[in-house]
Participant: 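My questions all concern the structure below.
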Amino acid sequence: MDRAALRMVCSPQFWRMAILWTLSLLHSYLLVFLRGRTAIPRRRRPRTGAGGEGRRPICVVTGATSGLGKAAAAALAREGYHVVLAGRCMQLLSEAVEKIQRQQSDAYLEAFQLDLSSYRSIKKFESSLKQWILETNSEPAIQLLVNNAGILAKSHRITEDGLDEMIQTNYIGPFILTNILVPLLKNSPVPSRVVNLTSFTHRCVFTYPVSGIDVSEGALRGMKLGQCSAGKSYHLASSYEYTKLCLLLFSYELHQQLHISSAVSVMAADPGAVETNIMRELPPCLSWFAFSVLRFLNLLQQTDSGVGAVLDAALAPAEASGEYFFGGKGRTIRSSRLSYDTEVAKKLWAESSALFKELQLRGRDLGTN
Ligand SMILES: NC(=O)c1ccc[n+]([C@@H]2O[C@H](COP(=O)([O-])OP(=O)(O)OC[C@H]3O[C@@H](n4cnc5c(N)ncnc54)[C@H](OP(=O)(O)O)[C@@H]3O)[C@@H](O)[C@H]2O)c1
């Protein structure tokens, strides 16, 4: 074991991940068990999208170069979607497209660069996507957005927008992207959908009183993390949990806003524990150890089964909007009590919108918009 690994093992954040994350995963499976054999929402193949007969519905998958995003892109192409793979690195995107095409020669795929930790990149993605839709003669509409991209960062890094990288990638970026793409989702001639990839780790955010969670602009910028990193330790586990809870609060609030007034449904998907590259920033011996323990406890899935919850959420009937899909096999459970707090969700929405507006104004000054 090297020094970095040793330092991590000695940190409270490591033990938080080792103990609380395992307990929250077990808690989720216990809820599945207690729910028993309730009716499972059946998967439906997507209906023809914009542009009429013969045209495939369009879906966007973020973080499609690795793990669950790559598996979801392949599976959704098989279901008949024209899949837009969005990711940071063009080289990795081309490799992912080639790999899917080798397995499915009739897959409809497109690749676009998108870095969720950059407002400029999100705006560039929006215009490339719209341009491509226009050129392919489709109506300006998409049918599915899968907010999959996410990181487990080991240090407090500040993005070009001045935010903490993990918070921006896992929450603020998806919030902005979704709001930017909502008009395209609403334009769809068939019901459309947003699927947000959250995690059982959101259950580890405890506050007293229950609604005492800090969703102020400062917290969303990661300013508190900046203060703790000055004291050397970055709270990687609690920050990751926080971003996943924010994404979940956002999902339920978006469901409230869209599902009644439009044909856009919103689902949360939690795959459980899956062997992917999510722990790439941790010392390799620790991620190997974590995966070995989870495998021993029979709690670890491979990506082909782990992607089940994402497909369940993407293909469930629209009436399942606002549900939390967990662990595949069509299963839905309740998420944490805090995640259903509508007051916190509204405050989070207001603070996130203020940040979005600020980035828009700054972008206008720099000529990005
Ligand atoms: N694995 C699990 O056990 C588990 C459990 C619950 C939830 N999840 C969630 O599932 C999602 C997928 O994670 P994974 O397990 O498949 O991990 P992964 O293999 O590391 O994949 C993460 C993907 O996100 C992309 N990404 C990272 N930062 C990005 C950015 N700034 N802009 C655009 N794309 C970015 C990565 O792209 P690059 O290739 O460019 O890095 C990669 O394609 C995450 O949201 C994660 O939180 C995972």
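As the structure lists them, so they are numbered: ligands from 1, and atoms in each ligand from 1. Every value quoted in this text rests on a predicted model; they were computed, and no experiment measured them. Sequential numbering from 1 along the given sequence is applied to the chain's residues.
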Participant: Can you name the residues that form a salt bridge (Lys or Arg N to Asp or Glu O under 4.0 Å) with E323, not counting sequence neighbours?
Facilitator: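 Once residues adjacent in sequence are excluded, E323 has no partner under the salt bridge (Lys or Arg N to Asp or Glu O under 4.0 Å) criterion.
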Participant: Would you please say whether a donor-acceptor pair under 3.5 Å links the side chains of S336 and R203?
Facilitator: no
Participant: Enumerate the ring pair (Phe, Tyr, Trp, His ring centres under 6.0 Å) contacts for residues 273-311, please, sequence neighbours excluded, ordered by first and then second residue.
Facilitator: none
Participant: Quick one: ring pair (Phe, Tyr, Trp, His ring centres under 6.0 Å) pairs with a partner in residues 245-286, sequence neighbours left out?
Facilitator: F175-F250, F250-W349, Y252-Y340, H255-H259
Participant: Report yes or no: do S66 and N277 form a side-chain donor-acceptor pair below 3.5 Å?
Facilitator: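 Judged by distance alone, the side chains do pair up.
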Participant: Output the set of protein residues with a heavy-atom contact under 4.0 Å to ligand 1, ordered first by chain identifier and then by residue number.
Facilitator: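 Residue list for ligand 1: G63, T65, S66, G67, L68, R88, L92, L114, D115, L116, S117, N148, A149, G150, I151, T169, L197, T198, S199, Y240, K244, P271, G272, A273, V274, T276, N277, I278, R280.
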Participant: Could you verify whether a donor N or O on one side chain and an acceptor N or O on the other, from T159 and Y119, lie under 3.5 Å apart?
Facilitator: no
